[in-house]
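Here the structure is a predicted model, which is why all the values come from computation and not from measurement. Every chain is numbered from 1, with letters handed out A, B, ... down the list of sequences.
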Number of protein chains: 2
Amino acid sequence: VALSSFCSATSGDEARNRLLMREKMMRLGGQLVLKPEEELANQRLGALKEAEMQEALRTGSIPPSMHFFQAKSLIEKSAVFNILKKMPKGAALHVHDFSIVSVDWLVRNATYRPHCYFCLTPRGTPQFRFARSTPPTLNTTECPEWVLLEKFRKGLPNITEFDHSLLRNFTLMTENPQATYANQDVVWAKFETIFVAIGGLVSYAPVFRDYISQGLEEFYQDNVLYLELRTMLYPVSTLLGILDDPLFLGYVHTSLRSAQVYELNGSVYSPEWSVRLYEEVARNFAKEHPGFLGIKLIYSDHRSKDASAVTKSIQTAMELRAKFPGMVAGFDLVGREDTGHSLYEYKEVLMIPASRGFELPYFFHAGETDWQGTSADRNVLDALILNSTRIGHGFALSKHPAVWAEARKKDIPIEVCPISNQVLKLVSDLRNHPAAVLMAAGYPMVISSDDPATFGAKGLSYDFYEAFMGIGGMTADLRTLKQLAMNSIRYSALSEPEKQFAMATWAERWQKFVAQLARGPK
Amino acid sequence: VALSSFCSATSGDEARNRLLMREKMMRLGGQLVLKPEEELANQRLGALKEAEMQEALRTGSIPPSMHFFQAKSLIEKSAVFNILKKMPKGAALHVHDFSIVSVDWLVRNATYRPHCYFCLTPRGTPQFRFARSTPPTLNTTECPEWVLLEKFRKGLPNITEFDHSLLRNFTLMTENPQATYANQDVVWAKFETIFVAIGGLVSYAPVFRDYISQGLEEFYQDNVLYLELRTMLYPVSTLLGILDDPLFLGYVHTSLRSAQVYELNGSVYSPEWSVRLYEEVARNFAKEHPGFLGIKLIYSDHRSKDASAVTKSIQTAMELRAKFPGMVAGFDLVGREDTGHSLYEYKEVLMIPASRGFELPYFFHAGETDWQGTSADRNVLDALILNSTRIGHGFALSKHPAVWAEARKKDIPIEVCPISNQVLKLVSDLRNHPAAVLMAAGYPMVISSDDPATFGAKGLSYDFYEAFMGIGGMTADLRTLKQLAMNSIRYSALSEPEKQFAMATWAERWQKFVAQLARGPK
Ligand SMILES: [Zn+2]
Ligand SMILES: [Zn+2]
């Protein structure tokens, strides 16, 4: 485009239109050519979006500029949101196993089952344990007394209030998040205690089975047909082998605490058993839910652990991947990057599979940080160097133009989780989310929800709303949404034939969605 | 760089180092080769920065992640900040005329002069007027009663408290900015009332003269040798000709209210007179301040006005530019972009000079918005199309990769004003400021302070601190700072010979600064 000096309105407008067109084509989804019916649907969606944007401009605020806890009820009233709920969104590629089910299910269902014991730690965090008789109390400072919940509830004057207090312990939601979570340390501390609190509930085998099924249900209801779950599978090795009693887990650093899947009689299950359970539940779920495509697992360990512990996990990951090639997609490291080990510190360990000629795909969380120039920030570079298939968050990627260019050549997408980044205090106004830059430049990405239950969200729609109205701004349209949905299949760990089938299944639903949207209201 | 699969630690490290090096070279200042003494100085600065960063990582917060009003006292304790104060920073290219002097000077000096009348509007905003006798009260709802300040102060039990209340009306500073300024509307409303409040003080000719000189003094003390001031010069035309009495100004929309420079007897001065005054004050100032290079003016109008009013301003701008080619650098449009007219709406008007073969340089504020896809957001595109010499803020530029690439080819820098963007609520955590992306990519930029007095800042050092510690993160070093200082001369409106002289003057001071820094403490 020649933009030399100009003397007429025409040449200025020409240069302007060329630039506008170039920006349009560059954007994520900008290359898509909509069919006539999609154009109609896009117009209708655009009109609703425009109306909500105008209202937002008038009031000076829009849900993505507010904290999600305060924006949630506003989002639920949005016509755009209600369309996004109906939209076939493809796959959820970045979600963690123990945060896929709305927490009120945990309270209403899991805590109301028989044989459920609970206790309160001195800090007020509840712990749960299913057992035939009162579990042993090995560490009185951590959990002084186990109480049978059924009996306890009977003695309460106000059960609803008690159940509410449980709910509050199962999510980060609070009325004034700015005051409750002064900084990232505070919010991460609470974040990790939640997994401690629900661990004993969810890892009880009968609950676990139903939990998975319920999770798939919530995503399916949200028009998500396929999931890749980050999971630690809670093998004994992740507990560093320092537990005396496999029934009770209270002696390791909070962030490491985790539960093996167990039965009422105290017997525990192996990671293999858990993989088979996931497989079985997903298979059964698919039978009753037309179009559902299944799940895969990304075996994960915690980045607070030392290299030798991660070496064991890599070993387990390779074994699981060899045993369940269609089910275990690869490996990841989870937990807070700013305080955990960097990928570079694990480099020798993470190169073991390749050095043995074993293909273990990586799906690293990388660059989930505001600190530019730290090792956590350089994780985006190391994820690229370590051949990561995708990058979890990649929040710091836009500050690394060379990595970004190289990763783009290798077609490595980022998994953008807007609400997670906001709640965990990386960014307050989602219109400033760094993915806005990458989206405008057409960098490959998918939208996901990370730990929706913990953030008070559900499925993917809330995050799609934030991405569509906040990150994408006025310029995001049906092309953006279509590309995001197709990306979620394209960049999944599905095999090529699986992808083709998934894309066809999605396309059929997309076509129906578009037809309905194009037809107009209701 | 080939990043194919690798089997050895070495090849991975090689690829990694190549990428790290490429990022280092790409960054703003990355191409600079430091002299041995600069290397030493850089090491010393780096050690101090590292220590502050480690402390910040430990506590989880760093001044740039906090609101400036809360961070200011912390910044003042920083060793890095104290080095930045001493650093020769070159030029301030984005500052507005009536916010270059710390407001306590206004209270201590201007309001204590004889013949100063004041009144309080029903909203509690003070207004000032110097006059021989009580000024007429034409609009009782706006300013019910003029009181002689000297007399009023005598009757006060606590003058200090009163003076503090004046101070509070002259800046946006407040202890809890999050609560005081709920959104951008609120903070902009207060922002614009400040200029109404101080207008009658500053535009009194004797104060005006001293105000300019005091402003130059504050920047000179902060090691800034040259300034380009955005100024409206307050000609009658900006008041839309609807004032009955030139002595009193209260009948136009708040954002349009402005004062002509006036004398005690009520006579008023033309824009030409003001330009000459600026010229004279700067000349006198330079005589007494070695190394001071002077000022230029960027004549500005308010973007709330309609096209015909701006047509008149363009006319005035051309006349002033023709009459004072060494003093009037060009034209800009100021005021809030989200609520004002877009550059595109003024397009016909803004093309008048070029269509007449008149070269009127533009220095447009553009993209000072969070709203992607609006006309304010597209101002960055239109600034490019309209051949803007620089872009004020360019906050939205990173979301426009095509504009960014084109503007880079044309070597159009952005004027980054970190504290302004934070206080006016575009971004809360300056580590997420979009200039981080552009800085990492080596996009040309300068750092400026916009309205330092209004934000409680002074000179450029506070903004340099935010840029160096926040926007640049751990990766910014002495190269970054040197490039920013040199950019401020390179991208100024100085003529080529003036630039050469300025660069030599700056370089001499830089060399001394580096020598002192390299020598170590004190
Ligand atoms: Zn995650
Ligand atoms: Zn400005």
Side-chain angles (χ1 to χ4, degrees), chain A residues 1 3 5-9 12 15-16 19-20 22-23 26 53 57 59-61 65 178 183-185 338 344 347-348 351 354-355 370-374 377-378 381-382 384-387 398-403 406 410 426-429 431-432 434 436-437 440-442 472-476, chain B residues 1 3 5-9 12 15-16 19-20 22-23 26 53 57 59-61 65 178 183-185 338 344 347-348 351 354-355 357 370-374 377-378 381-382 384-387 398-403 406 410 426-429 431-432 434 436-437 440-441 472-476:
Chain A
V1 183
L3 283 168
S5 73
F6 53 92
C7 309
S8 73
R16 188 178 197 266
L19 264 175
L20 282 172
R22 214 199 304 171
E23 291 213 325
M26 274 175 98
M53 283 286 190
L57 281 165
T59 61
S61 77
S65 73
Q178 290 82 1
N183 59 48
Q184 292 182 10
D185 287 348
D338 282 332
Y344 191 66
K347 152 185 79 134
E348 313 285 341
M351 286 183 347
S355 71
D370 281 327
W371 295 103
Q372 196 184 162
T374 60
D377 173 59
R378 278 191 298 272
L381 183 153
D382 287 304
L384 166 69
I385 295 290
L386 289 161
N387 256 318
S398 67
K399 291 175 186 165
H400 292 273
V403 175
E406 210 58 51
K410 296 178 83 179
L426 282 178
V427 58
S428 56
D429 186 332
R431 294 174 301 172
N432 285 324
V437 173
M474 217 85 123
T475 21
Chain B
V1 182
L3 283 168
S5 72
F6 54 94
C7 311
S8 72
R16 187 178 197 266
L19 265 175
L20 282 171
R22 213 198 307 170
E23 292 214 325
M26 274 175 98
M53 282 288 191
L57 281 165
T59 61
S61 77
S65 73
Q178 291 82 3
N183 58 47
Q184 292 182 9
D185 287 349
D338 283 332
Y344 191 66
K347 153 185 79 133
E348 314 285 339
M351 285 181 349
S355 70
D370 281 327
W371 296 103
Q372 195 184 162
T374 60
D377 173 60
R378 277 191 299 273
L381 184 154
D382 287 303
L384 167 69
I385 295 289
L386 289 161
N387 257 318
S398 68
K399 292 173 186 166
H400 292 272
V403 175
E406 209 59 51
K410 296 178 84 181
L426 282 177
V427 57
S428 57
D429 185 333
R431 294 173 302 171
N432 286 324
V437 172
M474 217 86 122
T475 22

Please identify, among [options], the residue contributing the most non-hydrogen atom pairs under 4.5 Å to chain B.
options: A/Gln178, A/Met53, A/Met26; answer: A/Met26
options: A/Asn432, A/Asp382, A/Val437; answer: A/Asn432
options: A/Asn183, A/Asp429, A/Leu381; answer: A/Leu381

- Between B/Pro401, B/Gly473, B/Ala440, B/Pro434, which has the largest tally of heavy atom pairs under 4.5 Å with chain A? B/Pro401

- Name the option with the most non-hydrogen atom pairs under 4.5 Å to chain A; the candidates are B/Ala402, B/Ser398, B/Gly60. B/Ala402

Measure distances from [X] to the heavy atoms of chain A and classify the residue's part below 4.5 Å as side chain, backbone, both or neither.
X: B/Asp370; value: both
X: B/Thr59; value: backbone
X: B/Leu57; value: both

Work out which heavy atom in [X] is nearest to a heavy atom in [Y]; give both atom names and the distance.
X: A/Glu406; Y: B/Arg22; result: OE1-NH2, 3.0 Å
X: B/Lys399; Y: A/Ala436; result: CE-CB, 3.9 Å
X: A/Thr475; Y: B/Gln372; result: OG1-OE1, 3.4 Å

- Tell me, do A/Arg16 and B/Arg378 make a side-chain contact under 4.5 Å, heavy atoms counted? yes

- Let me see the working for B/Met474 and A/Trp371 under side chain to side chain contact (heavy atoms under 4.5 Å, CB included), right down to the final yes or no. CA-CA 8 Å; B/Met474 217 86 122; A/Trp371 295 103; over 6 Å; no

